[in-house]
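Chain letters run A, B, ... following the sequence lines, proteins first and then strands; every chain starts at 1.
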Number of protein chains: 2
Amino acid sequence: MSKRAANNAKKRATTALPDAPPTLEMVAKEAGVSIATVSRIINGTAKVSAERKDAVEAAIAKLNFRPNAAARGLALGKSNTIGVITQAIDSPFYGEGLRGIEDYLQQRGYTALFMSGNWDEQDEERCMAELLSRRVDGIIIFSGRLEDRQLAHYAKQVPLVVSGRSLKAQNIFSLPVDDERGAWLATRHLIELGHRRIAFIAGILDHPDASLRFKGYRRALADAGIPHDPKLVVPGDFHEEGGVEATMRLLGSGNKFSALFCVNDQTAYGACLALYRRGLNCPRDVSVVGFDDLHSSSYRVPPLTSVRQSIRVLGESSGAAMLQMLQGEQPDISLPQVELIVRESTAAPAKE
Amino acid sequence: MSKRAANNAKKRATTALPDAPPTLEMVAKEAGVSIATVSRIINGTAKVSAERKDAVEAAIAKLNFRPNAAARGLALGKSNTIGVITQAIDSPFYGEGLRGIEDYLQQRGYTALFMSGNWDEQDEERCMAELLSRRVDGIIIFSGRLEDRQLAHYAKQVPLVVSGRSLKAQNIFSLPVDDERGAWLATRHLIELGHRRIAFIAGILDHPDASLRFKGYRRALADAGIPHDPKLVVPGDFHEEGGVEATMRLLGSGNKFSALFCVNDQTAYGACLALYRRGLNCPRDVSVVGFDDLHSSSYRVPPLTSVRQSIRVLGESSGAAMLQMLQGEQPDISLPQVELIVRESTAAPAKE
DNA sequence: CCGTAATTTGTAAGCGCTTACATCCGGTGT
DNA sequence: ACACCGGATGTAAGCGCTTACAAATTACGG
């Protein structure tokens with residue numbers, strides 16, 4: 001690459017562009033040793049005399065040398081990077097999970113590479129392709145749109161951890177969340193408070209989380225002997241906007257209800273706003289329960305009752321499972337049970 | 001690395017671990033051409049006969065070949081990656097910015113590598129070191145704790161875009177947000193509604209954003225001839241919790257106020273909760289204004305009046321500026337003006 | 001039909017790092 | 001004193017890719 005070197009030299013002479021970073025070779029020359037010795041000192045791979053070690057460390061400090069991760073990755077055949085695919089990096093839900101992953105991996109010498117799938121299968125495949133091209137050591141997927149078949153296929157190329165799903169296959173570890181139980185807990189809570197007309201705002205229909213939560217909702221109703229009224233179930237989009245629209249539709253439909261179970265917290269936020277718009281008070285007129293227990297839910301007015309699945313712990317656990325897989329072990333990670341966090345958005349129905 | 005190859009071969013024979021990914025060489029052999037030809041086809045670097053091209057493309061598809069990004073990076077001396085340092089990836093504020101960056105860069109063939117500085121200078125330096133080691137092509141910093149001096153130093157090694165700050169130096173482009181004007185707008189809005197006792201919940205004191213916003217607040221008061229009462233200014237922490245505490249303190253101090261300007265939306269969320277806890281209604285008893293206009297602010301109950309600086313646009317602009325720098329151009333990006341979004345958390349003070 | 005220029009292709013030299021293997025050293029045992 | 005040994009260093013061969021330069025092929029004009 002003599003041409004490039006020449007270019008760099010030229011640039012350096014005329015502009016303020018950064019110098020080419022120092023290399024092992026430069027450090028070796030500066031310290032008067034061979035590059036192998038420098039490498040060994042940096043990695044602590046072998047015994048080196050104290051004298052040379054000092055010299056090399058001085059040279060490293062002097063040149064401000066930092067090993068080139070790409071070169072090392074090439075030589076080692078691993079990148080010390082874990083790819084992470086979520087649907088949207090700016091969602092408060094995924095944000096907490098990413099934080100958990102990042103914290104966990106960072107402390108163990110790995111770097112997380114985040115990408116957003118945008119709820120789109122094609123985008124998700126693009127992300128996979130990119131991560132594979134970067135030769136990440138493993139990929140963590142937060143409940144994506146990819147089918148099990150495709151995941152199994154990718155798992156042939158790289159270890160996979162899939163959160164929020166249950167899926168058995170070679171080289172894949174899945175970390176399912178007990179959506180059904182969470183939804184059951186939430187619905188039962190409303191029932192115990194005395195509610196009988198409980199509406200449910202679902203997410204996108206074919207989304208696995210949504211259907212499991214729907215199942216839990218129905219089971220709780222059935223357990224209490226309350227007939228399920230399909231008119232009280234309306235679709236949403238997992239976002240605030242969907243919560244607003246769904247609630248408006250519900251309110252407009254004339255079907256009475258005194259409580260509202262939302263497929264996730266963001267939907268619940270929207271629902272609360274819609275109630276407010278219609279002059280209804282939560283929880284006096286309508287009780288609302290969410291799912292996920294986002295950090296900001298405890299700061300809502302009123303603080304939101306929600307099902308906690310600690311997405312942050314989910315993130316950490318995913319990281320832990322991945323590292324175990326990389327170690328060649330079968331991960332033995334499991335998630336804490338979902339639990340209902342009762343706050344102030346739920347109350348007994350007004351008796352009239 | 002014959003040892004590694006041997007290892008791989010052994011593993012492959014006995015376990016389900018992934019095969020070593022195909023290489024250029026394997027594609028070349030499969031297609032019966034030289035590796036140079038394959039490379040040229042992949043990159044479109046030179047004319048190649050249609051015949052060979054087809055053969056190579058077939059081989060690529062057959063082997064499911066994906067170029068190794070690390071190897072390419074090494075050879076090219078660039079990684080097509082932009083490092084991004086924020087304080088916390090799970091903050092709704094930064095989340096929106098990251099999304100902007102990711103969207104922008106992705107469409108242009110770059111990948112963003114996110115890291116969290118955790119509001120800690122040391123962590124931030126660790127992030128810089130990691131990014132530099134990965135030889136990212138540039139680094140975008142969201143208003144970090146690093147001093148200008150240090151930034152200028154890093155800028156010698158890699159192009160920098162710094163958002164939310166004003167800073168002139170070689171190889172650094174800064175994208176300042178007009179915090180002062182935003183704060184002025186917010187405070188003036190409260191004044192125009194008729195408020196005279198306006199409290200301010202500041203962020204962390206030495207944080208530049210906080211002090212600029214404080215400045216805008218005082219200037220608006222001064223412009224209206226309202227004396228500044230230091231007792232109405234209390235520190236916060238940019239989070240909900242700080243907002244709760246600060247408001248409680250304010251309420252407990254006995255100093256009357258009818259409006260509250262919070263250094264950011266999260267603080268305002270906390271403030272609203274504290275008011276609610278004390279049985280006070282927003283906006284009837286106390287008006288509240290935030291800053292940042294987070295997405296969820298429009299879904300609060302009541303929807304929060306806030307200063308919009310579109311952090312998402314900030315992200316996109318940072319990406320655009322970075323790409324321009326990489327092109328060797330002087331970026332000509334600027335941000336849209338901050339604007340006040342009036343919603344329902346502010347109203348005229350109750351007359352008593 | 002041949003020489004020569006204009007392609008298309010292949011060969012091989014790196015990019016910066018790790019590590020197997022060779023080399024060199026001082027210290028032992030006899 | 002000498003063969004021998006173990007540990008500290010150095011040498012050099014890759015890791016998978018790009019690309020300068022050489023070689024081979026093709027297309028022309030005379």
Pair up each side-chain donor or acceptor in residues 93-102 of chain A with any protein partner under 3.5 Å, not counting sequence neighbours, and list the distances.
| from | atom 1 | to | atom 2 | distance (Å) |
| --- | --- | --- | --- | --- |
| A:Glu96 | OE2 | A:His295 | N | 2.8 |
| A:Arg99 | NE | A:Asp103 | OD1 | 3.4 |
| A:Arg99 | NH1 | B:Asp90 | OD1 | 2.7 |
| A:Arg99 | NH2 | B:Asn118 | OD1 | 2.6 |
| A:Glu102 | OE1 | B:Ser116 | OG | 2.7 |
| A:Glu102 | OE2 | B:Ser116 | N | 2.8 |
| A:Glu102 | OE2 | B:Ser116 | OG | 3.4 |

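- Taking 4.0 angstrom as the limit, A:Arg52 places a side-chain polar atom (N or O) nearer than this to OP1 or OP2 of D:dG10.
- A straight line from CG of B:Leu74 to P of C:dA13 spans 18 Å, rounded to a whole angstrom.
- We find the CD-CG distance between B:Gln324 and B:Leu326 to be 10.5 Å, quoted to the nearest 0.5 Å.
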Detail all sub-3.5 Å separations between protein N/O atoms and N/O atoms belonging to nucleotides 4-6 of chain D.
none

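- Taking the charged nitrogens against the carboxylate oxygens, B:Arg312 and B:Glu316 do have a contact shorter than 4.0 Å, which makes a salt bridge.
- Checking D:dA8, C:dC15, D:dG10 against the side-chain heavy atoms of A:Val33 singles out D:dG10 as nearest.
- B:Arg134 has its CZ atom 16 Å from the C1' atom of C:dG16, to the nearest Å.
- Between the side chains of B:Arg134 and A:Thr111, at least one donor N or O lies within less than 3.5 Å of an accepting N or O.
- Taking the side chain of B:Leu76 as heavy atoms from C-beta on, and the options D:dT18, C:dC17, D:dT9, the nearest nucleotide is D:dT18.
- For DNA chain C, the residues of residues 34-42 of chain B within the heavy-atom distance limit of 4.0 Å (strictly under) are B:Ser34, B:Ala36, B:Thr37, B:Arg40, sorted by number.
- The distance from atom NZ of B:Lys29 to atom C1' of D:dC17 is 16 Å, rounded to the nearest whole Å.
- Atom C1' of nucleotide D:dC15 and atom CG of A:Asp137 are separated by 15 Å, given to the nearest angstrom.
- Between A:Asp148 and A:Arg165 a salt bridge is recorded (basic side-chain N to carboxylate O distance below 4.0 Å).
- Between the C1' atom of C:dT18 and the CG atom of A:Asn80 lies a distance of 14 Å, rounded to the nearest Å.
- Within the structure, a side-chain polar atom (N or O) of B:Asn43 is placed less than 4.0 Å from OP1 or OP2 of D:dT18.
- Take B:Leu335 and apply the side-chain contact (heavy atoms from CB on, under 4.5 Å) test, not counting sequence neighbours, and it matches B:Leu175, B:Val177, B:Leu314, B:Ser317.
- Residue A:Glu25 places its CD atom among 12 or fewer non-hydrogen atoms of other residues, nucleotides or ligands, all under 6.0 Å distant.
- In this structure, A:Met26 places its CE atom 12 Å from P of C:dC15, rounding to the nearest Å.
- With rounding to the nearest 0.5 angstrom, the OG1 atom of A:Thr86 is 8.0 Å from the CZ atom of A:Phe142.
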Protein-nucleic acid N or O pairs under 3.5 Å, nucleotides 24-28 of chain D:
none

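- Of the N and O atoms on the side chains of B:Gln150 and B:Glu121, at least one donor lies less than 3.5 Å from an acceptor on the other residue.
- For the salt bridge (charged side-chain N to carboxylate O under 4.0 Å, His left out) condition, the pairs that include at least one residue of residues 50-71 of chain B, sequence neighbours left out, are B:Glu30-B:Lys62.
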Task: A:Ile42 and A:Leu24: CA distance, side-chain angles, deciding distance, side chain to side chain contact (heavy atoms under 4.5 Å, CB included) verdict - done: CA-CA 10 Å; A:Ile42 289 174; A:Leu24 255 201; 4.0 Å; yes
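- Rounded to an integer number of Å, the gap from B:Arg72 CZ to C:dC17 P is 21 Å.
- For B:Leu24, the side-chain atoms get nearest to D:dT18 when compared with the rest of D:dG16, D:dA8, D:dT18.
- In this structure, the side chains of B:Glu124 and B:Gln87 come closer than 4.5 Å at one or more pairs of heavy atoms.
- Atom CD in B:Glu25 sits about 10 Å away from atom P in D:dC17, given to the nearest Å.
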